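Everything on this sheet refers to the single structure shown next.
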Amino acid sequence: MKIRIKKDDKVKVLTGKDKGKIGKVLKVVKKTNRIVVENINMVKVHQRPSQENPQGGIVEKAMPMDVSNLMLMCNSCVKPTRIGIKQLEDGKRVRVCKKCNQQIDS
């Protein structure tokens, strides 16, 4: 499955404990079809003392979510939308919103 969501996109969570929340994509893991979203799917991770963190302790961390649980937010119509691909006259391919038909890529 091709991932059409990229880093720094705004996405809305469709399912899970964070359903309805909107966040910014921090990282896309293509190999496992998962995406890390800022302040979404936060878990507490126990860390051992290290040079960077000599105290150790419990740290909150955003964990990856499956792509199927997220939907891209359109900038112009401000709604979660499906993504289409459109080819411009110069041969460049861009993502478009299926609802308002506006270009998502700048």
Side-chain angles (χ1 to χ4, degrees):
M1 188 172 109
K2 182 125 173 104
I3 300 176
R4 292 185 173 162
I5 297 174
K6 296 178 181 177
K7 186 178 175 182
D8 295 330
D9 282 343
K10 272 188 166 181
V11 291
K12 185 171 186 176
V13 181
L14 301 176
T15 59
K17 64 181 182 182
D18 295 317
K19 181 179 180 177
K21 290 185 180 177
I22 297 171
K24 187 175 119 182
V25 174
L26 299 176
K27 185 178 179 183
V28 177
V29 185
K30 289 184 180 181
K31 192 173 185 179
T32 57
N33 282 345
R34 295 177 92 71
I35 295 178
V36 179
V37 184
E38 188 176 39
N39 295 326
I40 305 286
N41 201 19
M42 298 295 282
V43 294
K44 289 183 173 22
V45 178
H46 295 263
Q47 286 196 332
R48 297 181 70 169
S50 63
Q51 204 124 29
E52 300 89 39
N53 189 6
Q55 187 72 30
I58 302 169
V59 179
E60 284 215 8
K61 181 180 177 184
M63 295 300 280
M65 294 185 73
D66 199 79
V67 179
S68 62
N69 298 335
L70 302 169
M71 201 170 221
L72 184 72
M73 294 290 289
C74 178
N75 295 332
S76 55
C77 63
V78 195
K79 293 179 183 174
T81 182
R82 291 179 294 135
I83 307 161
I85 301 291
K86 186 178 180 182
Q87 196 160 6
L88 300 177
E89 296 85 35
D90 61 350
K92 187 178 177 186
R93 296 176 68 191
V94 292
R95 299 179 298 166
V96 292
C97 172
K98 287 280 193 172
K99 287 187 179 177
C100 64
N101 223 11
Q102 291 292 318
Q103 190 172 321
I104 294 171
D105 297 324
S106 56

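The residues of the chain are indexed from 1 along the displayed sequence. All values below were derived from every heavy atom in this structure, side-chain atoms included, with hydrogens, water molecules and symmetry-related copies excluded. It should be emphasised that the depicted structure is a prediction, and the values quoted were computed from it without experimental measurement.
- Note: Asn75 CG to Asp9 CG = 8.0 Å, rounded to the nearest 0.5 Å.
- Nearest heavy-atom pair, Ala62 versus Ile40, reported as atom, atom and distance to 0.1 Å: CB-O, 3.8 Å.
- Atoms NZ and CE, on Lys12 and Met73 in that order, are 6.0 Å from each other to the nearest 0.5 Å.
- In terms of modelled atom types and a separation under 3.5 Å, the side chain of Arg95 and the main chain of Arg4 share a donor-acceptor contact.
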Would Ile5 and Ile83 count as a side chain to side chain contact (heavy atoms under 4.5 Å, CB included) if you check the C-alpha gap in whole Å, the side-chain angles of each, and the deciding distance to 0.1 Å? CA-CA 9 Å; Ile5 297 174; Ile83 307 161; 4.2 Å; yes
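- One N or O on the side chain of Lys17 and one on the backbone of Met42 form a donor-acceptor pair closer than 3.5 Å.
- Heavy atoms only, all atoms of each residue included: Ile85 and Val96 are closest at N-CG2, 4.4 Å.
- At least one side-chain heavy atom of Cys97 sits under 4.5 Å from a side-chain heavy atom of Cys77.
- Of all the heavy atoms in Arg34 and Val67, the pair that sits closest is N-CG2, 4.0 Å.
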Before giving the answer on side chain to side chain contact (heavy atoms under 4.5 Å, CB included), spell out for Cys100 and Cys74 the whole-Å C-alpha distance, their side-chain angles and the decisive distance to 0.1 Å. CA-CA 9 Å; Cys100 64; Cys74 178; 3.6 Å; yes
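- For the residue pair Pro80 and Lys99, the shortest heavy atom distance occurs at O-NZ, 3.0 Å.
- Put simply, the side chain of Leu70 reaches to within 4.5 Å of the side chain of Ile35, judged on heavy atoms.
- Under the 4.5 Å side-chain criterion, counting only non-hydrogen atoms from C-beta, Met65 is not in contact with Asp18.
- Between Lys7 and Val28, the shortest heavy-atom contact is N-CG2, 4.1 Å.
- Of all non-hydrogen atoms in Ser68 and Leu14, the two that sit nearest each other are O-CD1, 4.1 Å.
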Determine, stepwise, if the pair Val37 / Val11 fulfils side chain to side chain contact (heavy atoms under 4.5 Å, CB included). CA-CA 8 Å; Val37 184; Val11 291; 3.9 Å; yes
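- Here CD1 of Ile3 is found 13.0 Å from NZ of Lys31. Values are rounded to the nearest 0.5 Å.
- Atom-to-atom distance recorded for Arg93:CZ and Leu88:CG is 11.0 Å, nearest 0.5 angstrom.
- Lys21 contributes atom NZ, which lies 10.0 Å from atom CG of Asn41 (distance to the nearest 0.5 angstrom).
- In Gln87, the CD atom is crowded: over 12 heavy atoms of neighbouring residues, nucleotides or ligands sit closer than 6.0 Å.
- Note that CD of Gln47 is 9.0 Å distant from CD of Glu52, once rounded to the nearest 0.5 Å.
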